[in-house]
Number of protein chains: 2
Amino acid sequence: MARRAKQTQDLVPVSDASLARFMGYHMKRAQHVMISDMNAVIQPMGLRMITFSVLNMVVENPGLRQSQLADALVIERPNLVVILDGLEERDLISRDRVPTDRRAYALNATLAGRQLSDAAICAIEAHEARMLAGVSDEDRNTVLRVLGQVRRTKPGAEQ
Amino acid sequence: MARRAKQTQDLVPVSDASLARFMGYHMKRAQHVMISDMNAVIQPMGLRMITFSVLNMVVENPGLRQSQLADALVIERPNLVVILDGLEERDLISRDRVPTDRRAYALNATLAGRQLSDAAICAIEAHEARMLAGVSDEDRNTVLRVLGQVRRTKPGAEQ
DNA sequence: TATTGTTATACTCTATAACTATA
DNA sequence: TATAGTTATAGAGTATAACAATA
């Protein structure tokens, strides 16, 4: 990773001690590494983090509507449209008209979609095992719990 | 945050159980919430996460060179140039020619830059205290340690 | 009047190739 | 020939306004 020449590297010992006190600094860095690696792992399947998440949610929730899906994944509906276009074009999902509400579409995965989702899950499980090698189950659960506590709050509110 | 109408919300109980097994899913979500909140907090100072990080690093490491800074923050040098342009235009930092290597610039913060960095640090400390309210010091340290363990590795390698 | 899906658009973040001026 | 900084550009990711069809 170190692309810089040796002379430059040790001109001054670079310190990020001030930034390193902040959780946000570490979260951003770690998240970037995790998502980059995950994207590399599922790229041969023609998937990215976001497209996999959408596909997997459709597989797990047959008949889901686009608005529900956008809400669940916290993405804007206009952005979801483009992702679904790509999945539908590859015949991984279908958009089926809902008879009782002709504005809406029921999302369903095809067999190919379910198979691709399963294959991606296997690849991602291996990726996570590699990235978190050496982390105990207890520590992993602590991290999951703390991350889950991070909620959108009004700045200034002490809730 | 729930912008969806009630009818739609409970048509089908939406499950993300499969995705939720993955650390990457939670990290991405939590990081997005953290960075959005932090950006909102320092936006009145004309700063964002990345511009604050750069400014703070220059404050903490007088004489730093652009390549060192890009390496330390893991950002591409072309992207750093634009950020430094903005900070220099606001007289928060200066780019000083290095006599011994006329290709390089030594980065230094101005008084205004140091003051703005200090003010931003205070705001970010409050933001972190709010976002992590209820998280014990022990759990916070565990999260920091685990996040720090997430390293760029070659996919396929078991290192 | 409100909601579903859509189009168009814009801004941020990240990434790469290629240039200049120095070394 | 290699490095420091730069320019230009492109691709993701995210966000908002406004529209047509339907409720």
Side-chain angles (χ1 to χ4, degrees), chain A residues 1-9 11 28-29 31-33 35-36 38-40 42-43 46-54 63-71 73-86 88 93 95-107 152, chain B residues 1-9 11 28-29 31-33 35-36 38-40 42-43 46-54 63-71 73-86 88 93 95-107 152:
Chain A
M1 269 293 84
R3 280 174 302 189
R4 205 72 2 241
K6 294 180 205 69
Q7 317 99 289
T8 307
Q9 276 185 339
L11 265 182
K28 182 180 160 112
R29 189 202 126 274
Q31 186 264 358
H32 184 248
V33 172
I35 269 57
S36 296
M38 169 165 165
N39 280 336
I42 60 179
Q43 192 225 337
L47 292 174
R48 289 166 295 144
M49 164 90 176
I50 188 67
T51 54
F52 162 72
S53 299
V54 167
L64 196 65
R65 304 204 181 167
Q66 296 186 197
S67 294
Q68 291 178 290
L69 181 48
D71 279 358
L73 291 180
V74 194
I75 62 184
E76 297 302 318
R77 278 170 302 285
N79 299 326
L80 178 58
V81 169
V82 183
I83 295 166
L84 292 173
D85 286 348
E88 190 179 29
I93 64 162
R95 285 192 254 219
D96 308 319
R97 277 282 180 205
V98 175
T100 58
D101 185 344
R102 301 212 10 241
R103 295 171 304 183
Y105 288 109
L107 300 172
R152 217 171 288 269
Chain B
M1 270 293 87
R3 279 174 301 189
R4 204 68 8 238
K6 295 181 204 70
Q7 318 101 290
T8 307
Q9 276 184 339
L11 265 182
K28 182 181 160 115
R29 188 202 126 275
Q31 186 264 1
H32 185 250
V33 172
I35 270 55
S36 295
M38 170 165 164
N39 280 336
I42 61 181
Q43 191 225 339
L47 293 174
R48 289 165 296 145
M49 165 91 175
I50 188 66
T51 54
F52 162 72
S53 300
V54 167
L64 197 64
R65 304 206 182 165
Q66 295 186 197
S67 295
Q68 291 178 291
L69 181 48
D71 279 358
L73 291 181
V74 195
I75 61 183
E76 298 303 318
R77 278 169 302 285
N79 299 326
L80 178 58
V81 170
V82 183
I83 296 166
L84 292 172
D85 286 347
E88 191 179 28
I93 65 161
R95 284 192 254 220
D96 309 318
R97 276 283 179 207
V98 176
T100 59
D101 186 343
R102 301 213 8 241
R103 296 171 302 182
Y105 289 109
L107 300 172
R152 217 170 289 268

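Every chain is numbered from 1 and lettered A, B, ... according to where its sequence line falls, protein lines coming before strand lines. Fair warning: this is a prediction, and the values are worked out from it, not measured in the lab. Below, all heavy atoms of this structure are taken into account, side chains as well, without hydrogens, waters or symmetry copies.
- When all heavy atoms of B:R102 and B:P99 are compared, the pair lying nearest together is CG-O, 4.0 Å.
- With rounding to whole Å, A:I50 atom CD1 is found 17 Å from C:dT14 atom P.
- Side chain of B:E76, nearest nucleotide from D:dT6, C:dT4, C:dT16: C:dT16.
- In this entry the distance linking CG of B:L84 with C1' of D:dT7 reads 15 Å, nearest Å.
- None of A:R97, A:R65, A:Q66 except one satisfies the side chain to side chain donor-acceptor pair (under 3.5 Å) rule with A:Y105; the exception is A:R97.
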Heteroatom pairs (N/O) under 3.5 angstrom, protein to nucleotides 17-23 of chain C:
{"from": "C:dT22", "atom 1": "OP2", "to": "B:R102", "atom 2": "NH2", "distance (Å)": "3.4"}
{"from": "C:dA23", "atom 1": "OP1", "to": "B:R102", "atom 2": "N", "distance (Å)": "2.8"}

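- Between B:Q68 and D:dA4 there is no side-chain polar atom (N or O) within less than 4.0 angstrom of OP1 or OP2.
- In this structure, the CE atom of A:M49 is 17 Å from the C1' atom of C:dT14, given to the nearest Å.
- Where A:D85 and A:A104 each meet DNA chain C at their nearest nucleotide, the meeting point lying more 5' is that of A:A104.
- If you check every strand for non-hydrogen atoms under 4.0 Å, A:L80 touches nothing.
- Partners of B:R29 according to the salt bridge (charged side-chain N to carboxylate O under 4.0 Å, His left out) rule, which considers only residues two or more places apart in sequence or in another chain, do not exist here.
- Under the salt bridge (charged side-chain N to carboxylate O under 4.0 Å, His left out) criterion, A:D85 pairs with A:R95, not counting sequence neighbours.
- Between A:Q66 and C:dT6 there is a side-chain N or O to OP1 or OP2 distance below 4.0 Å.
- Two residues, A:R95 and A:S36, neighbour DNA chain C, and the one matched to the more 5' nucleotide by heavy-atom proximity is A:R95.
- Distance A:R29 CZ to C:dT14 P: 13 Å, rounded to the nearest Å.
- Along DNA chain D, the nucleotide closest to B:V82 and the one closest to B:H32 are compared, and the more 5′ of them pairs with B:V82.
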Could you go through the side chain to side chain contact (heavy atoms under 4.5 Å, CB included) check for A:L69 and A:R77 one step at a time?
CA-CA 9 Å; A:L69 181 48; A:R77 278 170 302 285; over 6 Å; no

Next item on the list: Take A:I35 and B:Q31 through the side chain to side chain contact (heavy atoms under 4.5 Å, CB included) test and state the conclusion after the steps.
Entry: CA-CA 12 Å; A:I35 269 57; B:Q31 186 264 1; over 6 Å; no

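- The interatomic distance linking A:R152 (CZ) with D:dT14 (P) rounds to 11 Å, in whole Å.
- Checking the phosphate oxygens (OP1, OP2) of D:dT14, a side-chain nitrogen or oxygen of B:K28 falls inside 4.0 Å.
- At the phosphate of C:dG5, OP1 or OP2 sits under 4.0 Å from a side-chain N or O atom of A:S67.
- We find the CG-NZ distance between B:L73 and A:K28 to be 9.5 Å, quoted to the nearest 0.5 Å.
- Distances from the side chain of B:N79 to the nucleotides D:dG5, D:dG13, C:dT14 place C:dT14 closest.
- What you find for B:R152 and B:V74 is that their closest heavy atoms are NH2-CG1, 4.1 Å.
- Whole-Å rounding puts the B:I35 CD1 to D:dA15 P distance at 13 Å.
- The nearest whole Å value for the distance from the CZ atom in A:R77 to the P atom in C:dT6 is 12 Å.
- Atom-to-atom, CG of A:L73 to P of D:dT14 comes out at 11 Å; the value is rounded to the nearest Å.
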